[in-house]
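What you see is a predicted model; the values in this text were computed from it and never measured. Residue numbers start from 1 in every chain, and the chains themselves are labelled A, B, ... in the order their sequence lines are given, proteins ahead of strands.
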Protein chains: 2
Amino acid sequence: MTKAKHRQEKDAPINEEALRQVIELMFFAYRDFTAEPDAILAEYGFGRAHHRVIYFVGRNPGIAVNQLLDTLKITKQSLARVLRQLVDEGFIEQRTDAFDGRRRLLYLLEKGQRLEQKLTERQARLIARAYEEAGVGAADSFRAVLRCIINSDDRSRVGGDILAREEREG
Amino acid sequence: MTKAKHRQEKDAPINEEALRQVIELMFFAYRDFTAEPDAILAEYGFGRAHHRVIYFVGRNPGIAVNQLLDTLKITKQSLARVLRQLVDEGFIEQRTDAFDGRRRLLYLLEKGQRLEQKLTERQARLIARAYEEAGVGAADSFRAVLRCIINSDDRSRVGGDILAREEREG
DNA sequence: CATATATGTCAACAAGGCTGACATATTTTT
DNA sequence: AAAAATATGTCAGCCTTGTTGACATATATG
């Protein structure tokens, strides 16, 4: 137990040891959070990269390739590889935008929807159980803190709002 | 706004949309949580794998290679690569265990401690700011939920308690 | 018509996971 | 003492998923 640090912030009563613990908790929690999906994806010969694409396309039907790149913050080539597989194997469909023929809008096909649901269900169940175990009211705080950890620019991407966001800001 | 789902669990009042949002929040939050350390590590020619090793060795001075493998849940070879670099470049020291000559106990050297502090400081600051922004009391709930997401087996590893844990359970 | 934009694709590279095999030192068991 | 188990190190090679830079094509826009 180190003695209270000389308050550098105005009056932050935040325990240093507790902060250290959160760093570890984030590591373990994220690993367990992705473990089940990873195992399911492996059966399809997919990885976490495929999961992200399937998830965000499912959440934002009709998202364009560039919007997806902006969201995932990976390079065109990284996306191309996994997207190609997903399209070739019938999980995702690309339709040319009627208003701008250069754009390819992405949609989940039925096969993709089934996989997406399967993956999301597992993760949702894990969170739901954690909420129950952690006690009522913990859910809102949990979400609030997560949201505050996120770069303000990305906060508006949460909630399947990427397409609308583009119209507002882009 | 979908209408309330037919409660499949006993009486779980958990909003499905909220759960979906958490999935996204976890993705963005973890990415931003690791972004700053990643940038610092890159200056040293290191990656996230090095960070994990430095962190857990710093948190558990005298941890053995096997304990580190169990904690990180990676293979010997994956660890060997980054550990070799860290030892060669003077960030980590290996001492033979006096009680069991087969074991190599790991310690941070001064160089390693400095880097560890630098990295931890950034992450702690990010969390601390999020707590302030999210409001008082959010911290405890946040930690509680994270802990509940974690596999019960790993919960006892949080808090720099890996060495003691080994004595208790191993 | 010139330029900018959205996308696709090729080649090559790096980090960090993985496997399996094998060597060595040391401890524990028989 | 011999045998077996344990802890570690190392070699070779593979995969996924990130990276860069270059170039091609279609479409939109000034």
Side-chain angles (χ1 to χ4, degrees), chain A residues 27 30-31 34-35 37-39 41-57 62-89 92-106 163 166 170, chain B residues 27 30-31 34-35 37-39 41-55 57 62-88 92-106 163 166 170:
Chain A
F27 167 66
Y30 195 75
R31 187 171 66 186
T34 51
D38 283 354
L41 290 155
E43 297 169 15
Y44 294 76
F46 293 155
R48 206 173 291 178
H50 301 83
H51 187 183
R52 291 183 192 130
V53 172
I54 285 182
Y55 183 86
F56 281 104
V57 170
I63 190 173
V65 173
N66 254 345
Q67 295 176 309
L68 195 49
L69 286 175
D70 279 354
T71 303
L72 299 176
K73 290 204 176 75
I74 56 174
T75 56
K76 201 167 40 160
Q77 177 66 331
S78 288
L79 175 59
R81 238 169 348 213
V82 298
L83 187 54
R84 190 99 304 278
Q85 279 182 275
L86 290 169
V87 169
D88 287 349
E89 299 184 31
I92 284 183
E93 181 191 27
Q94 294 176 296
R95 292 187 219 145
T96 299
D97 185 355
F99 304 107
D100 184 340
R102 294 169 302 181
R103 305 175 102 203
R104 301 296 144 78
L105 308 187
L106 305 174
L163 284 71
E166 191 82 346
Chain B
F27 167 67
Y30 196 76
R31 186 171 67 185
T34 52
D38 284 354
L41 290 155
E43 296 169 14
Y44 293 76
F46 293 155
R48 207 173 289 177
H50 303 81
H51 187 182
R52 291 182 192 129
V53 171
I54 285 183
Y55 183 85
V57 170
I63 190 173
V65 173
N66 255 345
Q67 296 176 309
L68 195 50
L69 286 175
D70 279 354
T71 303
L72 299 175
K73 289 203 176 71
I74 57 175
T75 56
K76 201 165 43 159
Q77 178 63 331
S78 290
L79 175 60
R81 241 173 342 218
V82 298
L83 187 53
R84 189 100 301 277
Q85 278 183 277
L86 292 168
V87 169
D88 287 350
I92 285 184
E93 182 192 26
Q94 294 176 295
R95 293 188 218 146
T96 299
D97 184 355
F99 304 107
D100 183 340
R102 294 169 301 181
R103 305 174 103 204
R104 301 296 144 79
L105 308 186
L106 306 175
L163 284 71
E166 190 83 346

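Within the 4.0 Å cut-off from OP1 or OP2 of D/dT10, at least one side-chain nitrogen or oxygen of B/Arg84 is found. Within the structure, every side-chain polar atom (N or O) of B/Asn66 is placed at least 4.0 Å from both OP1 and OP2 of D/dT6. Listed pair A/Thr75 / D/dG18 fails the phosphate criterion, with no side-chain N or O lying under 4.0 Å from OP1 or OP2. In this model, the phosphate group of D/dG18 is approached by a side-chain N or O of A/Arg52 to a distance below 4.0 Å at OP1 or OP2. Look at A/Ser78 and you'll find a side-chain N or O under 4.0 angstrom from OP1 or OP2 of D/dT19. The side chain of B/Gln77 contributes no N or O atom lying less than 4.0 Å from OP1 or OP2 of D/dA12. For A/Gln94 and C/dT7, the shortest distance from a side-chain N or O to OP1 or OP2 is not below 4.0 Å.
The 5' end of DNA chain D is approached more closely, in terms of each residue's nearest nucleotide, by B/Leu105 than by the other of B/Leu105 and A/Asp97.
Taking the side chain of A/Ile74 as heavy atoms from C-beta on, and the options D/dG9, D/dG18, D/dA28, the nearest nucleotide is D/dG18.
Closest approach of A/Leu86 to A/Val53, counting heavy atoms only: CD1-CG1, 3.7 Å.
With values rounded to the nearest 0.5 angstrom, A/His51 atom NE2 is found 12.0 Å from A/Tyr44 atom OH.
In this structure, A/Phe46 places its CZ atom 11 Å from P of D/dT16, rounding to the nearest Å. Computed from coordinates, the A/Arg95 CZ to D/dT27 C1' distance equals 20 Å when rounded to whole Å. As rounded to whole Å, 12 Å separates atom P of D/dA28 from atom CZ of A/Arg103. The distance between atom CG of A/Leu69 and atom C1' of C/dT5, rounded to the nearest whole Å, is 14 Å. Between A/Asp70 atom CG and C/dA6 atom C1' there is a gap of 12 Å when expressed in whole angstrom units. If you measure from atom NE2 of B/His50 to atom P of C/dG17, you get 10 Å, rounded to the nearest angstrom. What separates CG of A/Leu83 from P of D/dT17 is a distance of 13 Å, to the nearest Å. Between B/Asp38 atom CG and C/dA15 atom P the separation is 14 Å, expressed in whole Å.
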Checklist line | Criterion side chain to side chain contact (heavy atoms under 4.5 Å, CB included) on B/Leu72 and A/Phe27, from CA distance to verdict | finding: CA-CA 10 Å; B/Leu72 299 175; A/Phe27 167 66; 4.1 Å; yes

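At a cut-off of 3.5 angstrom, counting only N and O atoms as typed in the model, there is no donor on one side facing an acceptor on the other between the side-chain of A/Arg102 and the base of C/dT7. Residue A/Arg81 places a side-chain atom within donor-acceptor reach of the base of D/dG18, judged by atom type and a 3.5 Å distance cut-off alone.
Partners of A/Phe46 under the ring pair (Phe, Tyr, Trp, His ring centres under 6.0 Å) rule, at least two apart in sequence or in another chain, are A/His50, A/Phe91.
B/Gln85 comes within 4.0 angstrom of nothing in the nucleic acid, heavy atoms only.
Within the structure, the salt bridge (Lys or Arg N to Asp or Glu O under 4.0 Å) test picks out the following pairs touching residues 97-106 of chain B (sequence neighbours left out): B/Asp97-B/Arg103, B/Asp100-B/Arg102.
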